[in-house]
There are 2 protein chains.
Amino acid sequence: MADGRKWVTMGEVAARAGVGKITVSRALRNPSKVSPGTLRKVQAAVDELGYVLDETAGALSSQRSRVVGALVSTLEEAVFAATVRGLTEGLAEGGLQLMLSATQYDPGTEAALLPTMLGRRPEALVLTSDDHTEAAHRLLARAGLPVLELWELPKQPVHAAVGFSNRAAGTALTRHMVETGRRRVAFLGLDRQHDRRARLRMEGYRDCAGQLAGERAVAVKARPGAVGPDYGAEGLAEILRRWPDTEAVVCVSDMVAMGALCEARRRGIDVPGRLAISGFGDFDMAQDSALALTTIHIDGAAIGRRAAELILAGDIPCGLREDMGFSLIRRATS
Amino acid sequence: MADGRKWVTMGEVAARAGVGKITVSRALRNPSKVSPGTLRKVQAAVDELGYVLDETAGALSSQRSRVVGALVSTLEEAVFAATVRGLTEGLAEGGLQLMLSATQYDPGTEAALLPTMLGRRPEALVLTSDDHTEAAHRLLARAGLPVLELWELPKQPVHAAVGFSNRAAGTALTRHMVETGRRRVAFLGLDRQHDRRARLRMEGYRDCAGQLAGERAVAVKARPGAVGPDYGAEGLAEILRRWPDTEAVVCVSDMVAMGALCEARRRGIDVPGRLAISGFGDFDMAQDSALALTTIHIDGAAIGRRAAELILAGDIPCGLREDMGFSLIRRATS
DNA sequence: CTACCCGGTGGTATCGATACCATGAAGGCG
DNA sequence: CGCCTTCATGGTATCGATACCACCGGGTAG
């Protein structure tokens, strides 16, 4: 499809409507500044010519790109996908659009993508990681635009952060086990290096040491390929081998918890009677009656929406750390 | 963080390097057109000043936005997320960036987002749906830019399409059941209206009618909330009630298949001995040893990458329908 | 009655990079 | 030795919308 047709310009619309260009601009951007009669004429001309405002030109002359850049770790985890949805929806209400790239959890990739993003002169930047290279920090500082880090709440955000505390979540789950009468509580994690969040959850578990009968932490070695329930099964086996009297297992993720649960059933262990199990994330299946997993729910969309709100409101205080919290959902496994 | 700092302009870089603006432009866009010595000087100036090329200005003067717009149905399904990843990665190699919005499977929303997208003067548009409103069609036709529809292969694409045939996939699964000695094959689906793809899979099943001992199709009524394995359990129950001698169940998705499998185990039915089960999508857990589901694998990232390739190559023939195929993965449930 | 204000509108300069054409220097060939 | 090509570089116009300021007419206050 050769691009034969040229785009209609604002000047042509103005001529058609018998007004000045600037009036067309106002009619489209700020209708209240134009008299109703003129507005109608402009609207008619726009419709007849099929005019679509050229933001590339608008951005240059107004020095407002109406774009927000997002560098997300991955889209292939439901939580980030939900965040991006909340973000786009929220931004759309303010006439902003999202420019997206994925970093694959690699600060180097993030740093490499940053200049390209900044080239668009975005009005704000959203990052889902709090781990940046030196170069990235320099670029961000120099750019002098609002930067929002989502999901984790770094002690010293580049600018501002919206998220929740993985550590507090780990603590909440562990305490839940204690409060429901279990003191021999184990933590089941994975040894994936990129996952600082997982590590924080374990720290949250450790924070409860005083209330537990000794630490029981296991990290299953991650193999290449998808992380499936197999890990959970393997991990539970190890836990029961080392500490046969374990009463509860706090798992680093729902997927792992699911595997642990299946393994427990296979062994005929009564859940939650003899053994309680919890996950993290509240994925699709967690609420399914066959699984009914006790877990932590994070409202990813809400985090994205809140970020959008802050951006639209403008003037984000430096150092802001907005804790959106989490909810512990008790189901049948605890 | 008040935007105190102004962006450095190309002119300042040029002054610093002692060359003309245009030379800076060439040095950054097309280094081979500049002598090595000059290139070094420009590079040095760029580094010292922390210059980042302004694409908003570049887009206007070159009439090339270096942006591709994407309207995806949802990001909260792994397959689309993978497609978006393939797309961004592929486009990045050609210096193109992705502008993203989600339509939530609604053609009306898609049509509403279209003008905003076109306002950026994207060099191409990617849609993951083949269902467009009349207004959307008009806009797309007038815009005269390459439009790629992904995932399904419509008979008459707006311009071009990259995807695979859900119908053929349904047929492949059914035929697989026949070839492994089953003739009493059922189809288990969901009654969700937006899901044309699911319907196509069922049509694929029906296409095999000649080789089957009668049609056995069931659609479980979708309730609000996440689609979990519960549906599969319920559906299998209904199938066995109506046709107790069923030998195989082709499920519309992995999630449903998983539920059916659990239900079968609960009833002590030998899988795959007495009953074979297949899914669709090859989700995370399908390869897990506890599940080991026979299913169809679609390479979403490859579809995205192929789309990027076509866009970068330019000159996409009108009416192109590129079938990326699928792979049937036989595991332990058939 | 005059002076001032304000809503509505248009003219012109401007945003920052790139296209196009011109220029000058270096090198090849008859 | 001079002409023509090629390469490297710069000047200037341009992309399309918006900011800024000016303007006009009518209404209100003094």
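Keep in mind the model is a prediction, meaning the values are calculated, not measured.
Minimum interatomic distance between A/E149 and A/H159 (heavy atoms only, all atoms of both residues): OE1-N, 4.3 Å.
A/T23 has a side-chain polar atom (N or O) that falls below the 4.0 Å cut-off from OP1 or OP2 of C/dG10. At the phosphate of C/dG8, neither OP1 nor OP2 sits under 4.0 Å from any side-chain N or O atom of A/T38. Between D/dA17 and A/S25, no contact under 4.0 Å exists linking OP1 or OP2 to a side-chain N or O. Side-chain N/O atoms of A/Y51 include one lying less than 4.0 angstrom from OP1 or OP2 on D/dA17. Between A/T56 and D/dG16, a side-chain N or O to OP1/OP2 separation shorter than 4.0 Å is absent.
Atom NZ in B/K33 sits roughly 13 Å away from atom P in C/dC20 (whole-Å rounding). Between A/E12 atom CD and D/dC15 atom P the separation is 12 Å, expressed in whole Å. Rounding to whole angstrom units, CG of residue B/N30 and P of D/dT9 are separated by 13 Å. For the pair A/L49 CG and D/dG16 P, the computed distance is 15 Å after rounding to whole Å. If you take CG of B/L60 and P of C/dC15, they are 13 Å apart, rounded to a whole angstrom. Rounded to a whole Å, the NZ atom of B/K21 is 10 Å from the P atom of D/dG11. One interatomic measurement links the two molecules: CE of A/M10 to P of C/dT9, which rounds to 15 Å at whole-angstrom precision. Straight-line distance from the NZ atom of A/K41 to the P atom of C/dG8: 14 Å, rounded to whole Å.
Among the nucleotides C/dG10, D/dA17, D/dT9, the one closest to any side-chain atom of A/L53 is D/dA17. Considering only side-chain atoms of B/Q63, the nucleotide from D/dA17, D/dC15, C/dA17 that sits closest is D/dC15. For A/S62, taking side-chain heavy atoms from C-beta onward, the closest of the listed nucleotides D/dA19, D/dG16, D/dA17 is D/dA19. Closest to the A/I22 side chain, of the nucleotides D/dT9, D/dA19, D/dA17, is D/dA19. For B/V19, taking side-chain heavy atoms from C-beta onward, the closest of the listed nucleotides C/dT9, D/dG10, C/dA17 is D/dG10.
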Name each donor-acceptor pair under 3.5 Å that joins a side chain in residues 37-44 of chain B to protein atoms two or more places apart or in another chain, with its distance.
unit_1, atom_1, unit_2, atom_2, d
B/T38, OG1, B/S35, OG, 2.8

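The line from CG of A/L118 to CG of A/L140 is 7.0 Å long, rounded to the nearest 0.5 Å.
The side chain to side chain donor-acceptor pair (under 3.5 Å) search around B/N166 returns B/E152, B/R201, not counting sequence neighbours.
Nearer the 5' end of DNA chain D, as judged by each residue's closest nucleotide, is the contact made by B/S32, out of A/A57 and B/S32.
Taking the six-membered ring wherever Trp is involved, the centroid distance between the rings of A/Y51 and A/W7 does not fall below 6.0 Å.
Residue A/V24 is out of contact with every strand shown, counting any heavy-atom pair closer than 4.0 Å. Nucleic acid contact class of B/R26 (heavy atoms, under 4.0 Å, all strands): base.
Note on A/E123 versus A/R64: salt bridge recorded, some NZ/NE/NH1/NH2 to OD/OE distance being below 4.0 Å. Salt bridge present: B/D130 and B/R196 bring a charged side-chain N and a carboxylate O closer than 4.0 Å.
When the local axes at the two ends of the helix from C/dC1-D/dG30 to C/dG30-D/dC1 are compared, using 5 base pairs at each end, they differ in direction by 30° after rounding to 10°.
More than 12 heavy atoms of other residues, nucleotides or ligands lie within 6.0 Å of CD in B/E48, so this atom counts as buried by the packing criterion.
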